[in-house]
Structures are given as C-alpha cells and as structure tokens.
There are 2 protein chains.
Amino acid sequence: MLQKRIDDQPTISREMVREAQEILHRHLKRVGLKQTAQRDTILKTFLETRDHLSTDELHRLVQKKDAGIGYTTVYRTLKLLAECGLASEVAFHDGIARYEHQYNRRSHHHMVCTECGSSVEFFSQEVGELEQEIGRKYHYLTTRHTFQIYGICEECRKKSSRPV
Amino acid sequence: MLQKRIDDQPTISREMVREAQEILHRHLKRVGLKQTAQRDTILKTFLETRDHLSTDELHRLVQKKDAGIGYTTVYRTLKLLAECGLASEVAFHDGIARYEHQYNRRSHHHMVCTECGSSVEFFSQEVGELEQEIGRKYHYLTTRHTFQIYGICEECRKKSSRPV
DNA sequence: GCGAAGTTGAATTTCATTTTCAAGATGCAC
DNA sequence: GTGCATCTTGAAAATGAAATTCAACTTCGC
Ligand SMILES: [Mn+2]
Ligand SMILES: [Mn+2]
Ligand SMILES: [Zn+2]
Ligand SMILES: [Zn+2]
C-alpha cells in the first residue's frame, strides 16, 4: 500500500504525541471515561504513521509495542479518537474501514488506484467551499463530506501494457 | 427514506425500459451470458424507481412482480447492471450498498442527512472537472469519483429544537 | 430436439464489525 | 493508602451484509 507524501509534515515528535494525548485525556474526562496505558500506546502508534490503516493493520503495529493489547481495544480506541477529532475514517471502497490521524494535518482528499490500492493525497479548497454552498442552498447544517477519485496509476498502466 | 426530486425525469416509459433491456442484452451477449426473464424483471423494476435501493429493498420490489425471484439473483443482476453502466453503486455510509439506475439520468451527487437518512441530489460540474484535473496532475487514468456531503436536514433540526 | 454452457435460489460460508462477559484496572471519596 | 463503584479489557461469540456453493433447471446454437 504505497502512498506518496505530498505535504511536508516531519515525523511526529515526542512533543506532538504528548499534546495529542492531552487532547485524548481531556476527551475521556469530559465523557466520564478513564485513561489507560493501552489507549496511550494505541494513540502513539497511530500518530507515528501517515498511512491509512485498517483496525487490523493498526493492531499489528500496536502489538510490536505491547503484545497484550487486543484487537477489540484497538477497534474501540479508534472510535474514541474519531470522537475527539484525532482520527477520521477514510473509505477507500475496498470493503474495510480505514483511519488516518488528523493531528496537525492539512485537510485533503484521496485518489486511489483500483488496481494496486495505492493512493495519492491532494488538496482542493473548492471541495470544501462546495460543501458550504450546497448546504446553504438546501438548508442542511453540513458536518463533513467525502470526496475520492478512483483510477489506475501510472505504474499499473505500465505493467498492464507490458505483460510478462 | 425521503428524496427530493430536483431534476425533471418523467416516470420511465415502456420505450425506455425496452431500450435499457437492449443495452443489457447486448452486454450479456458480449460476455457470453444468457437472457432470462428474471434479469428482465429485475431491470424493469429497478428502472421504475429513482430511489437509492439496497439489494434487499430491490428484492422486495421485485417479489411483487414475481415472488419466485430470489435475493441472490437480484444481487447478481445488480452487479451485471453496474457492469454495463445501467446502475451505479452509491455509498451513503450506512453500511449497506445502494444502487441507483443510470439510464437517462444526469450525473449528480448526494447530500445525506445523518439523522433521518434522507438525501438531496445536486449537480456540480466542478467536481467532474476536478477529477480530470487531479488525474492529469498525478498521471492517473481516472474512471470515477465519489462525492457526498453529510449533514442534518432542516426537518431534523426543527425536530431536535422542539422536543416532544 | 440435443446438449453444452449458463442460471437459479436456498443454503452455506465468509469476514469485518460489533457485542458480551467475567476478570482486572482506574480514580474519586474518605 | 484503602475502599469501591465504575470503567476497561480481551477472548469469544454474535451479527449481518456480501459472496459462494451446488444440484436442479433454462437457454440457445446447432
Ligand atoms: Mn490521507
Ligand atoms: Mn441519486
Ligand atoms: Zn496502481
Ligand atoms: Zn433529516
């Protein structure tokens, strides 16, 4: 699952992890839940990648840090992270839910290759403006939108024109 | 599942059904499959509604015409219709696959209420242009895109501000 | 009509997601 | 620090839409 990096975020720093954890902790307190080592480990692991991870994939990464953490806890923590804005779900239409972290990330969209599953991130202000415009027009209070482009990447086109 | 009608297609005519069936029949022949009464009934039923139907919902409608037609056949026929461009999948993010027919329909997008599930269709040329532009920029051969806006409709906002 | 090849629908399987539950951890009150 | 109500955890089970299987049936080229 390749992914071209087209903005300029450095690898996450210790400081950023701490700040993100504070956001989580405040959220937990607000809704009457408790801090746990598992939740912190999962958040930290999640911040360390810029990939679009399935629960299963994140679980595998988390297990390298603490083999005792179960799939269910990763699953539940991702929901919590989405609640407090640290994660968002991205549907690549491949039948599984993927998440990406939203801490210090510019809002962006994805173009996905339907052959190999790789994706490119791109930025477009227009799409967000369209959300506002259409919401106003039909009297919806809009909360979010999804926009994905599907196609075949250059690599895959080369491969299929030059078969083995 | 309400849906405002914002373009001007009349109810499907007998003539249109015939034309759409010809498209299906040509497709079947092309890929070495066979015409059946079930497939024709399913296509006809599908064309008669402008809703965004799950396989289950379409199956229920089809059964009113021919109670012997099974869920599996509806499921498989929807795939065939998508293959020949007569249907397209629309993901409203409610966990089930929905289809709408694409015979004599203007391309459009959807805004979905996350409270009641109702949807509004809207038209935007810009979105299609953006697909082209981004595809060119990153050397993808684009095939399609998805764009949905999520929010809360006027009805639902009224309801929640005036609780029983 | 014959027969090869495709179709059908009930039943089964698959598989990501969600729920359950009993044992363990957390954190507020004292 | 201790008590204890409440929340958390992870294995296992349940869920449910989607996909597959298979034996009986239909289609269609000859
Ligand atoms: Mn992304
Ligand atoms: Mn529509
Ligand atoms: Zn590719
Ligand atoms: Zn609504």
Side-chain angles (χ1 to χ4, degrees), chain A residues 1 21-22 24-43 45 52-84 87 89-99 117, chain B residues 1 21 24-43 45 52-84 87-99 117:
Chain A
M1 201 63 90
Q21 280 178 347
E22 255 165 44
L24 173 60
H25 295 170
R26 269 198 294 276
H27 175 71
L28 292 173
K29 180 147 257 179
R30 194 181 328 130
V31 297
L33 303 180
K34 290 167 182 174
Q35 280 185 41
T36 67
Q38 288 94 327
R39 284 171 178 165
D40 283 349
T41 301
I42 292 164
L43 173 54
T45 310
H52 306 92
L53 297 173
S54 66
T55 308
D56 198 60
E57 286 163 353
L58 181 55
H59 179 230
R60 262 194 283 272
L61 293 179
V62 162
Q63 291 229 310
K64 292 182 190 169
K65 294 221 173 77
D66 180 347
I69 295 178
Y71 175 93
T72 315
T73 302
V74 174
Y75 163 80
R76 285 186 284 222
T77 301
L78 277 170
K79 301 244 143 172
L80 280 174
L81 296 180
E83 271 175 36
C84 62
E89 204 180 321
V90 274
F92 281 179
H93 237 247
D94 58 355
I96 57 179
R98 298 183 170 282
Y99 291 84
Chain B
M1 198 66 89
Q21 280 178 347
L24 172 60
H25 296 168
R26 271 197 294 276
H27 174 72
L28 292 173
K29 182 146 256 181
R30 193 180 330 130
V31 297
L33 302 181
K34 290 167 180 170
Q35 280 184 43
T36 67
Q38 287 93 328
R39 284 171 177 165
D40 283 349
T41 302
I42 292 164
L43 173 55
T45 310
H52 306 93
L53 297 174
S54 65
T55 307
D56 197 62
E57 285 163 354
L58 180 55
H59 179 230
R60 260 194 285 271
L61 292 178
V62 164
Q63 291 228 310
K64 291 182 189 168
K65 295 221 173 79
D66 179 346
I69 295 179
Y71 174 93
T72 315
T73 301
V74 175
Y75 164 80
R76 285 186 286 224
T77 301
L78 277 169
K79 302 243 141 176
L80 281 174
L81 296 180
E83 271 174 36
C84 63
S88 69
E89 204 181 319
V90 274
F92 281 179
H93 237 246
D94 58 354
I96 59 179
R98 300 184 168 281
Y99 292 83

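Throughout, protein chains are lettered first and strands after them, A, B, ... in sequence-line order, and every chain is numbered starting at 1.
Rounding to the nearest 0.5 angstrom, the gap separating the OH atom in Y75(B) from the CG atom in L80(B) is 11.0 Å. The NZ atom of K79(B) sits 12.0 Å away from the CG atom of L81(B) when rounded to the nearest 0.5 Å.
Between S54(B) and I96(B), the shortest heavy-atom distance links the atoms CB-CD1, 3.9 Å. Closest approach of I69(A) and V74(A) over heavy atoms only: CG2-CG2, 4.1 Å.
Put simply, the residue from H52(B), E57(B), E89(B) that forms a side-chain hydrogen bond (donor to acceptor under 3.5 Å, both in side chains) with R98(B) is E57(B).
For D40(A), there are no salt bridge (Lys or Arg N to Asp or Glu O under 4.0 Å) partners two or more places apart in sequence or in a different chain. In terms of the salt bridge (Lys or Arg N to Asp or Glu O under 4.0 Å) criterion, R26(B) has no residue partners (sequence neighbours excluded).
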**OP:** Scan nucleotides 23-30 of chain C nucleotide by nucleotide, 5' to 3', and note B when protein non-hydrogen atoms come under 4.0 Å of the base, S if they reach only the sugar-phosphate, - if neither.
**Re:** ---BSS--
Contacts under 3.5 Å, N or O only, protein and nucleotides 17-20 of chain C:
| residue | atom | partner | partner atom | Å |
| --- | --- | --- | --- | --- |
| dT17(C) | OP1 | A97(A) | N | 2.7 |
| dT18(C) | OP2 | Y75(A) | OH | 2.4 |
| dT18(C) | OP2 | K79(A) | NZ | 3.1 |
| dT18(C) | O5' | Y75(A) | OH | 2.8 |

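When the local axes at the two ends of the helix from dG1(C)-dC30(D) to dC30(C)-dG1(D) are compared, using 5 base pairs at each end, they differ in direction by 30° after rounding to 10°.
Residue pairs meeting the side chain to side chain donor-acceptor pair (under 3.5 Å) criterion with at least one partner in residues 61-73 of chain A, sequence neighbours excluded, are T45(A)-K65(A), E48(A)-K65(A), H59(A)-Q63(A).
Rounded to a whole Å, the CD atom of Q63(B) is 14 Å from the C1' atom of dT8(C).
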Subject >> side-chain contact (heavy atoms from CB on, under 4.5 Å) evaluation trace for L43(B) with T77(B) >> reply: CA-CA 8 Å; L43(B) 173 55; T77(B) 301; 5.7 Å; no
Quiz: residues 30-39 of chain A side-chain donor-acceptor pairs under 3.5 angstrom, not counting sequence neighbours:
| residue | atom | partner | partner atom | Å |
| --- | --- | --- | --- | --- |
| R30(A) | NH1 | H27(A) | ND1 | 3.4 |
| T36(A) | OG1 | R39(A) | N | 3.1 |
| R39(A) | NH1 | K34(A) | O | 2.6 |

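Contacts between chain B and DNA chain D, taken as any atom within less than 4.0 angstrom of a protein heavy atom, begin and end at dA17(D) to dG29(D).
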